[in-house]
Amino acid sequence: RAQPPGGRAGHGTRRGFEEMLERMARDAVQGGIPVTAVVISFSDAAFRPDVTQARVARLREHLRGGDLVGRLGEGDVGVLLHDTGAAQANVLLGRLRRLLEHEGVPLPQVLIGMASRSPGDATTGALAQEARQQARYHASDN
C-alpha cells in the first residue's frame, strides 16, 4: 500500500481515533462522568501494524463494553476508560500488564501512561498526549 505524500501510512486512522477518544472523553466529563485515557506503547510492534491491531483486539476482549480501544499509531494503543478515575485505572492497568505478560508480550518493551479527568476539571482535552508524556516520563525513571 502506498504511503500518502508527506506522511506515514495509517496517519489518518490514528488521527481519527485520537480525535474520537478526545471527543468522547470531553462529552463524558461535561456530563459528570470521570474518565481515564491510557496509552500503551509497544516498542516491539512499532513498525508492525498487524501486531498492534491484534493487541487492540485482544485488549478489547478484556475491557468493559463502554470502554474504547484503538490503534493510535506506530505501536501505540489508546484506551478510554469511562466512569473510571485514576485509582480505579491503576487497578485495571495491573490486570492489563498481567494479561500482556501471559500473552508473551515482553513487558520491558512496553510503556504505559495514563491521564484522568474528572467533572469540574479546568482542562478536558489532550488526554492521549498527556498519557503519552507520562509513559515517557516513567520510562526515563527506569
Side-chain angles (χ1 to χ4, degrees), residues 1 3-103 105-142:
R1 191 161 114 183
Q3 290 189 5
R8 294 183 299 237
H11 179 72
T13 303
R14 175 181 75 230
R15 186 99 185 235
F17 178 72
E18 188 164 336
E19 288 172 2
M20 181 172 53
L21 183 149
E22 296 292 350
R23 186 177 60 252
M24 292 181 77
R26 182 185 62 245
D27 292 350
V29 171
Q30 288 174 348
I33 299 168
V35 295
T36 297
V38 177
V39 173
I40 307 169
S41 295
F42 298 98
S43 63
D44 69 326
F47 300 105
R48 298 167 59 199
D50 56 322
V51 172
T52 305
Q53 199 57 45
R55 289 181 180 161
V56 165
R58 192 73 178 114
L59 288 169
R60 190 174 285 132
E61 293 172 13
H62 291 274
L63 294 170
R64 301 168 299 186
D67 294 333
L68 186 66
V69 61
R71 190 168 73 92
L72 290 171
E74 309 289 328
D76 289 348
V77 172
V79 180
L80 181 64
L81 304 170
H82 280 287
D83 201 16
T84 306
Q88 295 166 295
N90 275 320
V91 172
L92 179 69
L93 290 183
R95 285 196 345 237
L96 289 178
R97 280 188 181 95
R98 287 189 296 280
L99 168 70
L100 294 170
E101 190 171 39
H102 179 74
E103 300 269 322
V105 175
L107 289 187
Q109 296 179 21
V110 177
L111 297 178
I112 301 176
M114 68 176 206
S116 298
R117 296 288 187 270
S118 297
D121 283 353
T123 306
T124 58
L127 266 172
Q129 182 179 3
E130 185 179 319
R132 270 191 205 96
Q133 288 171 343
Q134 195 219 35
R136 289 186 191 114
Y137 175 77
H138 287 298
S140 68
D141 289 346
N142 297 333

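All values derive from a computational prediction rather than experimental measurement.
The side-chain heavy atoms of Arg64 and Leu81, taken from C-beta on, include a pair separated by under 4.5 Å. Within the 4.5 Å cutoff, side-chain heavy atoms of Met114 are placed close to those of Asn90. Using a 4.5 Å cut-off on side-chain heavy atoms (C-beta onward), His82 and Asp67 make contact.
For the side chain to side chain contact (heavy atoms under 4.5 Å, CB included) test, residues two or more places apart in sequence or in another chain that qualify with Arg98 are Arg95. With sequence neighbours excluded, the residues satisfying salt bridge (charged side-chain N to carboxylate O under 4.0 Å, His left out) with Glu103 are Arg58. Shown here are the salt bridge (charged side-chain N to carboxylate O under 4.0 Å, His left out) partners of Arg60, two or more places apart in sequence or in another chain: there are none.
In this structure, CG in Leu92 is found 10.5 Å from CZ in Arg97, a value given to the nearest 0.5 Å. To the nearest 0.5 Å, the span separating CG on Leu100 from NE2 on His62 amounts to 9.5 Å.
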For residues 34-46, run the donor-acceptor check on the side chains, cut-off 3.5 Å, and write out each pair with its distance to 0.1 Å, sequence neighbours left out.
residue: Thr36; atom: OG1; partner: Thr84; partner atom: O; Å: 2.7
residue: Thr36; atom: OG1; partner: Ser116; partner atom: OG; Å: 2.7
residue: Ser41; atom: OG; partner: Asp76; partner atom: OD1; Å: 2.7
residue: Ser43; atom: OG; partner: Gln109; partner atom: O; Å: 3.1
residue: Asp44; atom: OD1; partner: Arg55; partner atom: NH1; Å: 2.9
residue: Asp44; atom: OD2; partner: Arg55; partner atom: NH2; Å: 2.9

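Closest of all the heavy-atom pairs between Glu130 and Ala115 is OE2-CB, 3.5 Å. When all heavy atoms of Gly75 and Thr52 are compared, the closest pair comes out as CA-OG1, 3.5 Å. When all heavy atoms of Ser118 and Val29 are compared, the closest pair comes out as O-CG1, 3.5 Å. Between Ile33 and Pro119, the closest heavy-atom pair is N-CG, 3.6 Å. Scanning all heavy atoms of the two residues, the minimum distance from Gly85 to Gln88 falls at N-OE1, 2.9 Å. Here the closest heavy-atom approach between residue Leu21 and residue Gly78 is recorded as CD1-C, 4.4 Å.
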Check: Should Leu99 and Val105 be marked as a side-chain contact (heavy atoms from CB on, under 4.5 Å) after you check the CA-CA gap, both sets of side-chain angles, and the distance that decides it?
Finding: CA-CA 9 Å; Leu99 168 70; Val105 175; over 6 Å; no

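When atom types are taken as modelled, the side chain of Glu22 and the backbone of Ala128 share a donor-acceptor pair closer than 3.5 angstrom.
Sorted by first and then second residue, the salt bridge (Lys or Arg N to Asp or Glu O under 4.0 Å) pairs with a member in residues 105-114 form an empty list; sequence neighbours excluded.
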